[in-house]
Amino acid sequence: MELIYFIVSLLASIIGGICGIGGGVIIKPTLDMLGVADLATVGFLSSCTVLSMSAYNVGKTFADRSAAIDTHTGTPLALGAAVGGIAGNRLFSALKAGIGNTAGVAQALCLLLLTMGTLIYTIKKKNIRTHCVDGVAATVVIGVALGTLSSFLGIGGGPFNLVVLHFFFGMETKKAVSNSLYIILFSQAANLAVTIFSRAVPAFAPMELILMILGGIGGGIIGKSISKKLSGAMVDKLFIVLQSVIMLICVYNAVKFM
């Protein structure tokens, strides 16, 4: 059973590293589908995995002195995402306390609708006019929205970061991938800090967490290596296939938690 945690986190982090989605958007619904733990535990383990993977990728990008991360835009977004990560954590905790495991239905349906919208945008984006938001305040607000969504859904940031970075800031795919992981790093760090300091860490076997973090870091290493060899168009195609699979899993999970 513990091997499942490693395999899921490794494969998800490889794909997440390539597409800039963190891996949580794959880990969370997949573990929910497999029924290996309750919602809170899966969300916590997923956040830790995404944090480890994004930390490796962002650290490696800065170490390589790459200009892929636009700190002028990325930092206000990341700081906003950190605030949003706290808000999303509180929102999910309140929902879980109120309706119990039915919160899984809300998460699955919300993720389904957002992924569907993201899929449509990705297919049509060549015909969509992008913008160039430059104000710090507006950028922070967008970051807060992203952080809230990612933390509430327990997915790290996922496909929505790429859409936002393209639509509001005109970033091409490869650059958006690096900046998405930068944002995810901040939002998940804030989410994890709140969970720990509020003493809301769910019960789990230490080996499960260790294996998932190892899978996250290993996936980050492999994903970053593969990403360097792919064009933006190839990343977009992988992204479209991935979103279609996620939507199917979300439908299954919504029915399962009803």
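Remark: T73 engages D70 in a side-chain hydrogen bond (donor to acceptor under 3.5 Å, both in side chains) (not counting sequence neighbours). For K60, the side-chain hydrogen bond (donor to acceptor under 3.5 Å, both in side chains) partners two or more places apart in sequence, or in a different chain, are D64. Contacts of F167 classified as side-chain contact (heavy atoms from CB on, under 4.5 Å), with partners at least two apart in sequence or in another chain: Y121, I128, H131.
For the residue pair P76 and H72, the shortest heavy atom distance occurs at CD-O, 3.3 Å. When all heavy atoms are compared, the tightest approach of N57 to G220 is ND2-CA, 3.5 Å. The shortest heavy-atom contact between T115 and L111 is OG1-O, 2.6 Å. Shortest non-hydrogen contact noted between G219 and L10 is N-CD1, 3.5 Å. Residue S13 comes nearest to G216 through the heavy atom pair OG-CA, 3.3 Å, listed as atom of the first residue, atom of the second, then distance. For V235 against I18, the heavy-atom pair with the smallest separation is CG1-O, 3.8 Å.
Residues M53 and I217 are not in side-chain contact: their nearest non-hydrogen atoms beyond the backbone lie 4.5 Å or more apart. Side-chain contact check for L31 versus S46: every heavy-atom pair is 4.5 Å or farther apart. For the pair T139 and F169, the minimum side-chain heavy-atom distance is below 4.5 Å. Looking at T118 and Q243, their side chains come closer than 4.5 Å, going by heavy atoms from C-beta outward. The shortest side-chain heavy-atom distance between V105 and V255 does not fall under the 4.5 Å cut-off. For the pair V140 and L77, the minimum side-chain heavy-atom distance is 4.5 Å or more. Between L11 and I7, the closest side-chain pair of non-hydrogen atoms falls below 4.5 Å. Two residues are said to be in side-chain contact when any heavy atoms from C-beta on lie closer than 4.5 Å; I27 and M212 meet this criterion.
Under the 4.5 Å side-chain heavy-atom criterion for Ile, Leu, Val, Met, Phe, Trp and Tyr, V136 and F168 are members of distinct hydrophobic clusters. If you chain together hydrophobic residues whose side chains sit under 4.5 Å apart, V50 and I86 never meet in one group. Grouping the Ile, Leu, Val, Met, Phe, Trp and Tyr side chains by contacts below 4.5 angstrom, directly or via other members, places F186 apart from V144. A continuous path of hydrophobic side-chain contacts links I222 to L238 [ILVMFWY only; heavy atoms under 4.5 Å]. Hydrophobic clustering keeps V241 apart from L230 (ILVMFWY residues linked when any side-chain heavy atoms are closer than 4.5 Å, directly or through intermediates).
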Query raised in the report: What do the steps show when you test L45 against T41 for side chain to side chain contact (heavy atoms under 4.5 Å, CB included), and what is the final call?
Result: CA-CA 6 Å; L45 293 175; T41 301; 3.9 Å; yes

Report task. Any chance you could lay out the side chain to side chain contact (heavy atoms under 4.5 Å, CB included) test for L153 and F160, step after step, and finish with the verdict? Result -> CA-CA 12 Å; L153 295 174; F160 325 123; 4.0 Å; yes

Report task. Under the side chain to side chain contact (heavy atoms under 4.5 Å, CB included) rule, what do L119 and I123 come out as? Steps first, then yes or no, please. Result -> CA-CA 6 Å; L119 175 60; I123 294 172; 4.0 Å; yes

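Remark: of the listed residues L34, T49, L209, V36, V36 is the sole one forming a side chain to side chain contact (heavy atoms under 4.5 Å, CB included) with Y5.
In this structure, the side chain of S187 engages the main chain of I184 through a donor-acceptor pair within 3.5 Å. Distance alone, capped at 3.5 Å, is enough to place a donor-acceptor pair between the S231 side chain and the M234 backbone. In terms of modelled atom types and a separation under 3.5 Å, the side chain of E172 and the main chain of K175 share a donor-acceptor contact. Under a 3.5 Å cut-off, the side chain of S180 and the backbone N or O of A176 do not form any donor-acceptor pair. Within the 3.5 Å criterion, the main-chain N or O of L51 finds a donor-acceptor partner in the side chain of S54.
Between atom CD1 of residue I69 and atom OG1 of residue T61 there is a gap of 4.5 Å, rounded to the nearest 0.5 Å. Separation of atoms OH (Y56) and CD1 (I221) is listed at 4.5 Å; rounding is to 0.5 Å. Atom CG in L112 sits 11.5 Å away from atom CD1 in I249 (nearest 0.5 Å). If you take CD1 on I4 and CG on L211, they are separated by 11.5 Å, rounding to the nearest 0.5 Å. A distance of 8.5 Å separates CG of L162 from CG of D236, quoted to the nearest 0.5 Å. Interatomic distance, C250 SG to M116 CE, rounded to the nearest 0.5 Å: 9.5 Å.
Between the side chains of K125 and T173, a donor-acceptor pair is found at a separation under 3.5 Å. In this model, a donor atom of one side chain and an acceptor atom of the other lie less than 3.5 Å apart for Y182 and T75.
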